[in-house]
Amino acid sequence: MSVHPFDLHLANVAKAGEHAVWTPEDGALPALYLSHGAPPLFEDPVWMAQLFAWARSMPRPEAVLIVSAHWEAAPLTLSSSDAHVTPVYDFGGFDPMYYRMRYDTPDAGALAKRVLGALGDGEEVHESRTRGLDHGAWVPLKIMYPDADIPVLQLSLPTADPGRLLALGARLRELREEGVLVVGSGFTTHGLPFLTRDDFLGRTTPGWSADFDAWAAEALARGDVDELANYRTRAPGMPYAHPTVEHFIPLFVTLGASADPEAARESTIDGFWMGLSKRSLQVA
């Protein structure tokens, strides 16, 4: 009987040894924008290895605060801070094993208080006592930190306006100096309705996906936040690359959390998966 790729990933994780925990002497953790994939990500050994290597390139965070494409809600809302909250299985048509997967993180009450403090009194913030992490959060984190021993909270996307999201990220910037990993989770291209069977099988890459990805890489390399913020009208491949925008806009939370949002950026992960750009990056 064949071994599932995620089981092989866990075996490789076990060989990796201890992960050094963040200390104040390490300085601020980076903020990440990652393309997160869906449950089939657990079947891609190359991408899983890339995500785990990325996690190991940084100190192990004290906590993780993640903004996912799959939770758009205003006013700002935090997921449940309770331990072992059931994940949100916000997908359909996959192997039943993925609906049994858990990501039982510890109590995040201390993180919730710190996030509320960072957000200040300028904007109303709600706390959900029942909502768990959606797949834009728990799928990549289960690969990067499979022991689920780090407190994690999810913060909703309250708007699609890049300027407001940059400002939100700026308010979260101080958390990085306390060992909190701030993550925007989306997908650099996400034109699912326009993918062909050959795209899904990895035989082809749609022109709209390749064109948008190249445009985004060039704008990031220049640190051109204005160009990125005007993606609807300036990016090639629109609207096919993003018929809805929720998978691109977490990038602006990440950039806002940077000490210099207009610094030049290099990608940590690139390439395509089922025709979609998995470009991902970190900012200091």
Side-chain angles (χ1 to χ4, degrees), residues 28-36 54 58 61 63-79 108 111-112 114-120 122-126 131 133-141 144 152-190 216 219-220 223-232 235 242 244-263 265 267-269 278-284:
L29 283 174
L32 313 185
Y33 171 74
L34 58 83
S35 295
H36 60 246
W54 193 5
M58 304 172 281
V64 176
L65 178 67
I66 188 165
V67 176
S68 159
H70 297 282
W71 191 17
E72 298 175 272
L76 274 173
T77 308
L78 280 170
S79 63
L111 175 61
R114 188 64 200 91
V115 172
L116 292 172
L119 292 173
E123 187 169 358
E124 183 180 12
V125 183
H126 289 195
R131 194 185 195 284
L133 304 174
D134 63 47
H135 84 266
W138 70 263
V139 167
L141 291 178
M144 297 171 78
V152 179
L153 281 178
Q154 190 170 340
L155 184 65
S156 70
L157 272 171
T159 177
D161 179 72
R164 289 180 59 193
L165 293 174
L166 286 162
L168 173 61
R171 293 161 68 192
L172 302 174
R173 189 179 301 156
E174 64 188 63
L175 298 174
R176 299 174 42 226
E177 300 173 359
E178 301 170 17
V180 178
L181 187 66
V182 176
V183 182
S185 176
F187 225 129
T188 299
T189 59
H190 200 253
L220 288 163
D224 194 340
V225 176
D226 180 69
E227 177 80 356
L228 293 163
N230 286 282
Y231 65 95
R232 291 179 190 260
H242 290 285
T244 57
V245 302
E246 72 281 353
H247 278 78
F248 189 61
I249 56 177
L251 171 66
F252 298 106
V253 178
T254 300
L255 294 177
S258 170
D260 180 5
E262 296 185 344
R265 311 292 180 198
S267 297
T268 306
I269 295 173
K278 61 180 187 178
R279 187 171 300 280
S280 305
L281 64 143
Q282 70 182 49
V283 302

Q.
Could you measure the distance from the CZ atom of F252 to the CG atom of D161? Nearest 0.5 Å is fine.
A. 9.5 Å
Q) For F187 and K278, which heavy atoms make the closest approach, and how far apart are they? A) CE2-CA, 4.0 Å
**Q.** Spatial distance of atom CG (L34) from atom CH2 (W54) [nearest 0.5 Å]
**A.** 5.5 Å
Q) Are V115 and V125 close enough, and set up right, to give a side-chain contact (heavy atoms from CB on, under 4.5 Å), and what steps lead you there? A) CA-CA 10 Å; V115 172; V125 183; over 6 Å; no
Q) Do T254 side-chain atoms and L32 backbone N/O form a donor-acceptor pair below 3.5 Å? A) yes
Q. At their closest point, which heavy atom of S79 faces which heavy atom of L153, and how far apart are they?
A. O-CD2, 3.5 Å
Q) Donor-acceptor pair, H36 side chain versus W138 backbone, under 3.5 Å? A) no
**Q.** Distance (rounded to the nearest 0.5 Å) between L172 CG and L119 CG
**A.** 5.5 Å
Q. Is the closest side-chain heavy-atom distance between L157 and P250 below 4.5 Å?
A. yes
Q: Can you spot which of V64, V152, V139 makes a side chain to side chain contact (heavy atoms under 4.5 Å, CB included) with L133?
A: V152
Q: Starting from the C-alpha separation in whole Å, work towards a yes-or-no answer on side-chain contact (heavy atoms from CB on, under 4.5 Å) for L155 and V253.
A: CA-CA 11 Å; L155 184 65; V253 178; over 6 Å; no
(Q) Using every non-hydrogen atom in the two residues, find where G136 and S68 come nearest and quote the distance to one decimal. (A) CA-OG, 3.6 Å
**Q.** E72 backbone acceptor or donor facing S156 side chain under 3.5 Å
**A.** no
Q) Relative to each other, are the rings of H190 and H247 parallel, tilted or perpendicular (30° and 60° limits)? A) parallel
Q) How long is the span from the CG atom in D134 to the CD atom in Q154, to the nearest 0.5 Å? A) 4.0 Å
Q: Drop me the distance from Q282's CD to L181's CG, to the nearest 0.5 angstrom.
A: 9.0 Å
Q: Go through the side-chain N and O atoms of T77 and R131 and say whether any donor and acceptor fall under 3.5 Å apart.
A: no
Q: Quick one: pull up OG1 in T159 and CD1 in I249 and give me the separation to the nearest 0.5 Å.
A: 7.0 Å
Q.
Minimum heavy-atom separation for A74 and P158, please, with both atom names.
A. CB-O, 3.5 Å
Q) Would you say the side-chain atoms of R265 pair up with the backbone N or O of G223, donor to acceptor, closer than 3.5 Å? A) no
Q: Taking the side chain as every heavy atom from C-beta outward, state whether L116 and L78 have any atom pair closer than 4.5 Å.
A: yes
Q. Taking the inter-plane angle between the rings of H135 and H70 on a 0 to 90° scale, is it parallel (under 30°), tilted (30 to 60°) or perpendicular (over 60°)?
A. tilted
Q.
How close do S185 and I66 get, counting heavy atoms only, and between which atoms?
A. CB-CD1, 4.0 Å
Q.
Measuring only between side-chain heavy atoms, which start at C-beta, is R114 closer than 4.5 Å to L65?
A. no
Q. Between V283 and R176, what is the shortest heavy-atom contact and its length?
A. O-NH2, 3.9 Å
(Q) Between S35 and I269, does the side-chain contact (heavy atoms from CB on, under 4.5 Å) criterion hold? Intermediate values first, please. (A) CA-CA 9 Å; S35 295; I269 295 173; over 6 Å; no
